[in-house]
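Data block below; observations after.
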Amino acid sequence: MKTTRENSTALLAAALLLLAVACAQPAGAAGDALLIRGATVFDGTANAPFDADVLVEDGRIAAVGPALEAPAGATVVDASGQALLPGLFDVHTHWTPNGVPATLPEIANAYIAAGVTTVNDFHQAPEAYAPRRAWLADIATPDVRFAARISTPLGHGADWADQATTRWVNSPESARAAVDGVAAYEPDFIKAFTDGWRYSNAADNTSMDEATLTALVQEAHAKGLEVLTHTVTLERGKQAARAGVDVIAHSLQDAPVDQELIDLMREHGTRYAPTLAVYEPVKLAGKPPADPADKAFVQRTRNFANALANVRTLHEAGIPVMLGTDAGMPGTPHGAATVHELELLVQAGLSPADALRAGTSASAAALGLDDRGTIAPGKRADLLLVSGKPWETIGDIHHVERVYVAGRQVAGAGTQLPPGNARTALPAQRIDALVDDFENAAGRTALDTLRTDEADGGNDRSTQVTEVIAREGEGHALSMQAWLSHKEHARAGALFPLSRGAVAPVDLRGYRGLRMDIRGRGGVQVEFRGLADARWASELDVGPQWRTVEIPFSRLEGLPPWRSEGPGPKWSGNDVLQLGVFAGGEPGSKVWFELDNIRFY
């Protein structure tokens, strides 16, 4: 008989296989020959643009030169009067609902339409890497690379109070252990949140000390992983460079950079990805504040002036500048922000040609991706055709004609995207009734998902301890004890993903409700979370004695979207991602509960 883990894996594999079978090949599939004839080629190097044909075979550039012969059956594209460039990079994004569009295929569509062919996603929990990689493999998308997140216990990036997403470290020993722990998930990079300065607009989070950061970098490099840091102040930038980080992945904004920093970055090979798009005081499609003298707006404007000046200073000093945006954060849209970042780099003082190299060859070199970033034989055929001469007028980069990812056409005339690019979710899976009986010593649920703690986040957050304990005569149970924060609606609890990484939705329509054994103190709430941030909840009456409770799905009430008011969604049961059990109470009070035998009935 198959185990629950095998069943879950098989269900996900079957769903993805069905999706793949349904997908049509995009125009110019990787196995097809492609000849782009008569383009003006900006190859991403110091070479001046030149007229040439580019031949692509098996997803790679086979030849670059004049009057190339098209192989039999090749697709021939007349690119006369158009510019051919390497596909763009965005080395700092968050594939999150904070941006519009919000779902994985919609975000992928936005990037490929803009000519972005390689993207770093700094947002996902390691548990989500495998299912997201499987999903990405069946749609037209940029090459998406995942960064594992490490911060300090109260630091920026750890605001969610969830160590399944961001590991917390505060010593060299804990840093090494965190890198070792996330390495098992095969991340492409490490993102270290090292600086808690909140741009003078909010209270600081804690920052990572230099000894901890140095140990983190050494352990990551020993495992072949580069480290990109969230660093936004001059002194923390110097610490990052001394620690040997590969990329400072934000702008230094509190002061002009100095020669000491330049020397340190040169010595340690540290590069710079300023993410100007996320710091621009009036962002894309944004509006100036009603009061231009607003203190926060004035401070953002001052910080941004420092950010622009520092990019120019570092570039003129020979420090490699890369293209990153922090896209997915508010006001920083996917795809559009990447192209706009090129314009901001020019505003900062780079020439259009230097900005294009920052977004292509310089980003590829900084990430150790020597198979892309330039147009040359043997390179991956990530290519962007535009009208105009963006190396002279950077705004011409908006005039996209065609985009290719590994030789497949993904944007432009004649493109046929797979059906998966129009879907907003994977097919819903059926799952076994048992969610968890806490008999798995590895800390995973009966569904082979990673159970996580879930407390309120922020600088003042509830402190909780969750562990599996012996239950007299009944095997084991989960014990959660918490000291609540002093904020309104403080709570703490446990979260049970119903699919690995809560990526694929599950279909619960074959069940009528949820049953569990529970006892505790404090107001307890059962909450389901679904697609598009949907939430449904029911209150439970618990006491110090064990009792078995049933929560019919018909009793669930839809909750309004996060940070907003209004009616909640209706329960459908076929788009559910996670189950949570939470305890709340008076600010500063202590709460607890114990759970066992969580199953659907």
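Heavy atoms only: backbone and side chains are in, while hydrogens, waters and symmetry mates are out.
The line from OG1 of T231 to CD1 of I248 is 5.5 Å long, rounded to the nearest 0.5 Å. Distance check, rounded to the nearest 0.5 Å: CG of L213 to CD of Q218 gives 10.0 Å. The structure places CG of L216 at 9.0 Å from OG of S174, a figure rounded to the nearest 0.5 Å. We find the CG-OG distance between N120 and S363 to be 9.0 Å, quoted to the nearest 0.5 Å. Separating the CZ atom in R408 from the CD1 atom in I112 is a distance of 12.0 Å, to the nearest 0.5 Å. Atom CH2 of W483 is separated from atom OG1 of T463 by 7.5 Å, given to the nearest 0.5 angstrom.
Looking at heavy atoms from C-beta onward, L514 lies out of side-chain contact with R599 at the 4.5 angstrom threshold. Using a 4.5 Å heavy-atom cutoff, the side chains of D596 and L478 are not in contact. Using a 4.5 Å heavy-atom threshold, the side chains of D517 and L595 count as separate. In this structure, the side chains of P505 and L426 come closer than 4.5 Å at one or more pairs of heavy atoms. Annotation: side chain of R512 is not in contact with side chain of F600 (no heavy-atom distance under 4.5 Å). The side-chain heavy atoms of I598 and F438, taken from C-beta on, include a pair separated by under 4.5 Å. The shortest side-chain heavy-atom distance between L367 and F189 falls under the 4.5 Å cut-off. Side-chain contact between I150 and K191: absent, with no pair of heavy atoms (C-beta onward) separated by less than 4.5 Å.
Taking a cutoff of 4.0 Å between a charged side-chain nitrogen and a carboxylate oxygen, D533 and R535 do not qualify as a salt bridge. D370 has no carboxylate O lying under 4.0 Å from a charged side-chain N of R380, or vice versa, which leaves the two without a salt bridge. Salt bridge status for D121 with R145: absent, with no side-chain N to carboxylate O gap under 4.0 Å. E454 and R529 are joined by a salt bridge, as a carboxylate oxygen and a charged side-chain nitrogen come within less than 4.0 angstrom of each other. Using a 4.0 Å cut-off between a side-chain N of Lys or Arg and a carboxylate O of Asp or Glu, D456 and K487 qualify as a salt bridge. In this structure, E226 does not pair ionically with R271, as no charged nitrogen and carboxylate oxygen lie closer than 4.0 Å.
With ring centers used as reference points, W536 lies 6.0 Å or more from F553.
Among all heavy-atom pairs drawn from A411 and A113, the shortest one is CB-CA, 4.2 Å.
Taking the six-membered ring where tryptophan is involved, the planes of W95 and Y111 are essentially parallel, since the angle between them stays under 30° and well short of 60°. A parallel orientation is assigned to the rings of Y129 and F146, their planes being inclined by less than 30° (bins at 30° and 60°). The aromatic rings of F122 and H92 sit tilted relative to each other, their planes meeting at an angle between 30° and 60°.
The closest side-chain donor-acceptor pair between H334 and E106, if any, does not fall under 3.5 angstrom. Counting only N and O atoms by type, the side chains of D437 and N597 include no donor and acceptor under 3.5 Å apart. Remark: the T118 side chain and the R372 side chain contain an N/O donor-acceptor pair separated by less than 3.5 Å. Side-chain contact, H156 with D204: no donor N or O sits under 3.5 Å from an acceptor N or O.
Every side chain to side chain donor-acceptor pair (under 3.5 Å) that R509 has, sequence neighbours left out, goes to D507.
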Query raised in the report: Do L495 and L579 pass the side-chain contact (heavy atoms from CB on, under 4.5 Å) test, and can you show the C-alpha distance, the side-chain angles, and the key distance before you say yes or no?
Result: CA-CA 6 Å; L495 203 59; L579 161 68; over 6 Å; no
Requested in this report: Decide side-chain contact (heavy atoms from CB on, under 4.5 Å) for N109 and L417; before the verdict, give the C-alpha distance in whole Å, the side-chain angles of both, and the deciding distance to 0.1 Å.
Outcome: CA-CA 9 Å; N109 293 344; L417 295 180; 4.1 Å; yes
Report task. Evaluate the criterion side-chain contact (heavy atoms from CB on, under 4.5 Å) for residue pair L323 and L342; output intermediate values, then yes/no. Result -> CA-CA 7 Å; L323 193 158; L342 291 170; 3.3 Å; yes
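For residues 161-184, the pairs satisfying salt bridge (charged side-chain N to carboxylate O under 4.0 Å, His left out) are D180-K223, with sequence neighbours left out.
Taking the ring centre of F582 as origin, the terminal cationic atom of R491 falls inside the region bounded by 6.0 Å and 45° from the ring axis. A cation-pi arrangement is present between R461 and W168, with the terminal nitrogen or guanidinium carbon under 6.0 Å from the aromatic centre and inside a 45° cone about the axis.
More than 12 heavy-atom neighbours from other residues, nucleotides or ligands sit within 6.0 angstrom of CZ on R515.
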